[in-house]
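Numbers restart at 1 for each chain; the letters A, B, ... are given by sequence-line order, proteins then strands.
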There are 2 protein chains.
Amino acid sequence: MTRSEENYLKTIFHLGSGDEGSINTNAIAEQMETKPSSVTDMAKKLAEKGLVNYKKYQGISLTDAGVKTALSIVRKHRLWETFLVEKLDFAWDEVHEVAEQLEHIKSEKLIDKLDQLLKFPKYDPHGDPIPGKNGEFQEHNKDLLSELPVGAHGICVGVKDSSSAFLQYLDKHEISIGKPIQILGKEAFDGSLHLKIGEREHTVSHQIACNIYLK
Amino acid sequence: MTRSEENYLKTIFHLGSGDEGSINTNAIAEQMETKPSSVTDMAKKLAEKGLVNYKKYQGISLTDAGVKTALSIVRKHRLWETFLVEKLDFAWDEVHEVAEQLEHIKSEKLIDKLDQLLKFPKYDPHGDPIPGKNGEFQEHNKDLLSELPVGAHGICVGVKDSSSAFLQYLDKHEISIGKPIQILGKEAFDGSLHLKIGEREHTVSHQIACNIYLK
DNA sequence: AATTAAATTTAGACAAATCTAAAAATAGTT
DNA sequence: AACTATTTTTAGATTTGTCTAAATTTAATT
Ligand SMILES: [Mn+2]
Ligand SMILES: [Mn+2]
Ligand SMILES: [Mn+2]
Ligand SMILES: [Mn+2]
């Protein structure tokens with residue numbers, strides 16, 4: 001399994017985990033910052049190996065074997081992110097790029113020992129669930145902040161956008177996983193929300209609210 | 001800098017650190033389990049980048065920039081090996097292969113934080129010195145067991161052969177870094193040595209004695 | 001010095017992963 | 001239904017790293 005194949009499988013897994021069904025060539029290309037023709041080439045190769053279902057012009061989906069492989073990469077990615085934050089004092093906006101490399105290290109013993117060192121964490125620094133050795137994981141029962149009514153309150157349990165820019169915005173406004181958040185008001189015109197975050201009050205745009213999960 | 005380029009630089013560094021001067025194409029090929037023609041190709045590329053001195057049929061040597069790069073890879077390799085043993089309970093014969101992958105992860109912050117987590121170790125699990133951020137390191141003042149006279153005694157501070165097979169042999173005979181060793185006698189016929197290792201006595205072949213460093 | 005052997009380089013090929021440009025298929029619209 | 005726009009695939013080229021086989025250079029031996 002090459003690094004490129006692994007990256008494709010992971011991308012297809014992430015694009016497919018929302019709605020069911022098969023994924024567009026173009027969507028994969030955009031996500032991976034590559035060209036559609038490259039995606040087609042890889043689709044054929046992965047189909048050859050039994051990791052994706054692929055028929056010309058019909059889109060791409062993971063087989064059971066493909067899902068299993070994707071989950072093992074996601075597991076590694078998220079365990080490494082957790083390691084970087086918990087053991088090496090990285091900030092949560094600094095870990096993704098490094099984990100993108102570390103997820104391709106091949107050693108089952110390494111990842112199991114890492115899991116043990118971290119005390120078998122269930123969620124990564126962004127609130128995303130960490131699959132276990134056999135691919136099992138429990139997603140938080142969560143809602144997007146933007147879809148909750150005025151008056152709702154809960155705990156921040158995750159973010160949808162893990163970009164450095166967004167996470168730094170959250171840091172600046174003291175929004176982090178575990179923080180209690182209450183919706184004090186909603187602006188009808190642009191959908192911006194007036195929030196109580198811990199002890200402070202802040203107003204955030206609709207775009208921000210679309211990327212924060214509450215429980 | 002590609003993974004392959006890094007592996008070549010590291011190999012040239014290791015082959016050259018003994019005697020001075022330039023390294024044979026064939027020696028590099030053998031060490032890397034590749035063909036001499038591939039070495040020539042890479043020599044040209046690395047020369048182009050100013051990392052090696054290369055003139056046709058004249059052998060290959062590292063430039064200052066090449067040494068600097070090689071040292072940074074060796075630093076990463078040995079810090080990761082130390083991490084695997086100290087933090088993840090790997091045995092010293094299990095770390096090399098994984099470190100061979102980890103040494104190529106690109107993140108200066110990662111390696112500096114790892115160094116800090118490990119409390120700035122000076123030597124790796126095989127007794128090899130770990131270069132610092134700026135490439136500085138102090139080699140142990142050590143001697144090969146095979147070159148010491150009868151009666152000599154010292155502490156095992158390193159191994160020359162880091163292969164799994166050799167390290168497992170040492171484990172079996174309870175030879176490890178830090179163990180006091182004394183030469184009780186030498187067999188003239190085949191050069192085998194009768195040793196006192198800690199409290200026990202053992203006889204080891206000349207081949208074994210050629211791969212153990214004492215101080 | 002001539003010959004043989006060994007080391008090294010060149011030439012040409014290949015697989016992996018990507019790209020551009022053009023062709024083909026599908027989807028959307030009058 | 002015909003036309004247009006979008007998506008997807010194909011064909012052919014490129015880069016990186018490798019290989020084999022043949023040619024060249026250097027080293028060793030008669
Ligand atoms: Mn990756
Ligand atoms: Mn994450
Ligand atoms: Mn090693
Ligand atoms: Mn390596």
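Between Asn26(B) and dT8(C) there is a side-chain polar atom (N or O) within less than 4.0 angstrom of OP1 or OP2. Considering only side-chain N and O atoms, Tyr54(A) lies under 4.0 angstrom from the phosphate OP1 or OP2 of dT9(D). Lys44(A) has a side-chain polar atom (N or O) that falls below the 4.0 Å cut-off from OP1 or OP2 of dT10(D). Close to dT10(C), at under 4.0 Å from its OP1 or OP2, lies no side-chain N or O of Thr40(B). Dashed line: the shortest gap from a side-chain N or O of Lys56(B) to OP1 or OP2 of dT10(C) is under 4.0 Å.
For the salt bridge (Lys or Arg N to Asp or Glu O under 4.0 Å) with Glu5(A), the qualifying choice from Lys10(A), Lys44(A), Lys49(A) is Lys49(A), the only one to do so.
In this entry the distance linking CE of Met42(B) with P of dT9(C) reads 14 Å, nearest Å. We find that CD of Gln58(B) is positioned 9 Å from P of dT9(C), with the value rounded to whole Å. One atom, CD1 of Ile23(A), and another, P of dT7(D), lie 15 Å apart when rounded to the nearest Å. dA15(C) atom C1' lies 15 Å from atom CD of Glu48(A), rounded to whole Å. Per the geometry, NZ belonging to Lys55(B) stands 16 Å off C1' belonging to dT26(D), to the nearest Å. Straight-line distance from the CE atom of Met32(A) to the P atom of dT18(C): 7 Å, rounded to whole Å. Rounding to whole angstrom units, CE of residue Met1(B) and P of dG17(D) are separated by 11 Å. To the nearest angstrom, P of dT16(D) lies 24 Å from NZ of Lys35(B).
Of the possible donor and acceptor atoms, one in the side chain of Glu136(A) sits under 3.5 Å from a partner among the backbone N and O of Asn134(A). No donor-acceptor pair closer than 3.5 Å links the side chain of Lys87(B) to the backbone N or O of Val85(B).
Using a 4.0 Å heavy-atom cutoff across all strands shown, Ser38(A) reaches at least one base atom of the nucleic acid. Within the nucleic acid shown, Asp41(B) comes within 4.0 Å of at least one base atom, counting heavy atoms only.
If Ala27(B) and Thr34(A) are placed on DNA chain C by their nearest nucleotide, the residue sitting closer to the 5' end is Ala27(B). Nucleotides of DNA chain D nearest to Tyr57(B) and Asn24(A) differ in position, and the one nearer the 5' end is that of Asn24(A).
No salt bridge links Asp41(A) with Lys35(A); every basic N to acidic carboxylate O contact stays at or beyond 4.0 Å.
In the interface, the side chain of Ser4(A) is not paired with the base of dT18(C) through any donor and acceptor atom under 3.5 Å apart. Donor-acceptor pairing under 3.5 Å, judged by distance alone, is present between the side chain of Ser37(B) and the base of dT20(D).
You'll find that the side chain of Thr25(B) is closest to dT9(C), out of dT16(D), dT8(D), dT9(C).
Counted within 6.0 Å of NZ on Lys68(B), heavy atoms from surrounding residues, nucleotides or ligands total 12 or fewer; the atom is thus considered open.
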